[in-house]
Structures are given as C-alpha cells and as structure tokens.
Amino acid sequence: MLRVNDMLPVVVVHGGAGHIPKDRSEMSTAGVCSAARAGYTILRGGGSSMDAVLEAVSILENNPCFNAGCGSVLNIKGEVEMDAIVMDGLTLGSGAVSAVRNIANPIQLARLVMDKTSHSCLTAEGASQFARSMGVPEVSPESLITEYSHMRWAKNLAPDANPVESQMGKMGTVGAVAVDSEGNIACATSTGGMLNKMEGRVGDTPCIGSGGYADNQVGAVSTTGHGEAIMKVTLARLILFHMEQGQSVEAASDLGLAYMKSRVSGLGGVVSVDPQGRWAARFSSLQMSWAAAQTETLHYGLYVGEHFTQSLGGAPLTGSTAHLASKPLG
Ligand code: GLY
C-alpha cells in the first residue's frame, strides 16, 4: 500500500476536451503520453513542478496534432492567435500571454512574463515586443498553420457548416499540472482558442482562475473546453474551492464540470492535483486525451471510462476500461 508521501511527484496532462476524430485519436493519445513521460523525467530527476509542466506543454505545442502552438485553430481571417498561462503554487505568481501570433511556444513566453515582468498578462503586439526584448525567436505565422487546421477553417466558413459540430471537432487546448518532490505545485495551459473566432477574441486560457490555477495549499487545475462557459464559472478556481471545502480532487473536478454544464450548458475537461499528489482527469465532453505519470507508472485514456496503465520501465501493466479517471458525469 502506498503512503500519500510516496505518491509524489506526479504530472498530469491533457490534450483537449471535445470530439477527437477517429483518425487522430491514436496520435492524440501518443502525444499526451509522450508529454507526461517528459514531464515525469524532469520530476524524477529532482526538477521543479514548473519546469515539468513547461516541458510537457511545450511538447504538446510542438505537436501539430493539438490546438496549441503549431496546429492551432485559425480565426475568422485564417490566422493563428494563441493564448497561454502558467502559475506557480508556491508564490501564487502567474504569467500569461494572449493573441500572440509569431511565437512557437507561447507557454514559454508566459513564463517569461511571470519571471521577468511585474505584470500578469501581456497581449498581442505588446507581447511580441516583450518576446523580442527577451530574445525569443520569431517564427512566421504561416509555419504554425497545418493543412488540417486550414481545411477545418475553410470548411467552417461554408454556408452549410454546422457550427456546433465544427467547434466540438477542435475544441481542444493543452495543459498540465504537477506536484514535485518538494510539494510545490504548478499549472500550465496553452491554446489556439476557438475555431473561426473573431480576430482579437481572448478566451479563458490566459485568465487566472479560468484556464488554470495553482496554490500549494490547495492544489492545481488546468482546464479545456468552451472558453466563454469556463470564464462564466471560473472553472479552475471553482474546483479548488470545492477542494478547500473538503471534496476529493475527483469529486471537486466533477462538481465544477457539472455546475458548468447545468448552469451555462458548457462542456469541457480538467486535469487536477492536490498537494498530496492525488490526481484526476475528468471531462463532460465526449472525449479528452489525458495522461498522468506517477510512481513509475503511466496512466492514460481518451473516452469516458478508459484508464490504461503502463510501466514507465516499458512493459504494460494492465489495459482496461476501468475506474478512476472518467466515469460519466450526470
Ligand atoms: N478553452 C480554450 C478557448 O476557449 O479558448
């Protein structure tokens, strides 16, 4: 039997809630598993939870399969505009960027905002100027556009497009939460936002308490889903409120998601941790790709009820449609 302290460290990542097309589901699962492994390697080597979530989310941003960094969805004009946030649970410091266009890894720029400025969020051209002053390499906005994101943008412009189906097909955002061996907690979330959004639209992701929140005294949450709904209920902070009231990490995540569904008809998903390293990956959407790494075991799933495990040493332990991560929400 594991004692609670033996459970640290842990990293949990998501690759976005929504409806992931069948032909992309394997890539999506492989992507979150590789991000969780990379984050865990940092934690296992004694690295910080902040470094672990940064590494995991950077890997997902670099993977064209996800709606963040390269592969971001396009706005109504066919352009990429990305949002990101990081938060440090020890200091409650945070950094965010919104509507950035020519940066490969917005999550790393968000960390620079936290570490090198006295502000919490920089946007658009101001964020680009700050990136230049920090020596962050610029990339061409076209290099962030994939054939797939261009195809979906064009399809959604068609007069007969079904906006709900189109949005659900690409609702994802990427994120991670972690607790390191010192008990420090961090979160990171990054997104291209909503498909065919208005130019200048800023979603939940860079908004503290909505796209993510981390507090060493309570836990951390990274969210994904319909940004306008997430902002209405400040989903990340709402879940942490339920944890403060004594709910388990899993029950608190379900309560927050159920409230968003019943109160504002919003669907989404979260990854959450508490200070002891207990974790949850929960969603009210059809799917959410997620993975967690803890005590030399990789956990992952995509559909409701799925929870596979694999030894981080290599050999599979079990493959089942089991328990913990996702029973249906009411
Ligand atoms: N949750 C991502 C967005 O709505 O922008």
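Position 1 is the first residue of the sequence; numbering continues from there. Counting convention: from 1, in listed order, for ligands and their atoms alike. Computed from a predicted model, the values in this text were never measured in an experiment.
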For His299, the option from Phe308, Tyr40, Trp279, Trp290 that meets ring-ring contact (aromatic ring centres under 6.0 Å, His included): Trp279

Option whose closest heavy atom lies nearest to atom 1 (N) of ligand 1, chosen from Asp204, Leu195, Ile230, Thr205: Asp204

All ring-ring contact (aromatic ring centres under 6.0 Å, His included) counterparts of His119, not counting sequence neighbours: none

Expected output: side-chain Ser72 to main-chain Gly69 donor-acceptor under 3.5 Å: yes

Close N or O approach (Gly193, ligand 1; < 3.5 Å): no

Option nearest atom 4 (O) of ligand 1 (shortest heavy-atom distance, choices Arg201, Met82, Glu81, Lys197): Arg201

Heteroatom distance test (Gly203, ligand 1): nitrogen or oxygen, under 3.5 angstrom: no

Numbered atoms of ligand 1 (with element) below 4.0 Å of Thr173, judged on heavy atoms: 1 (N), 2 (C)

Heavy atoms of other groups near Met134 CE, more than 12 under 6.0 Å: yes

Numbered atoms of ligand 1 (with element) below 4.0 Å of Met194, judged on heavy atoms: 4 (O)

Whether Asn63 side chain and Ile59 backbone form a donor-acceptor pair below 3.5 Å: no

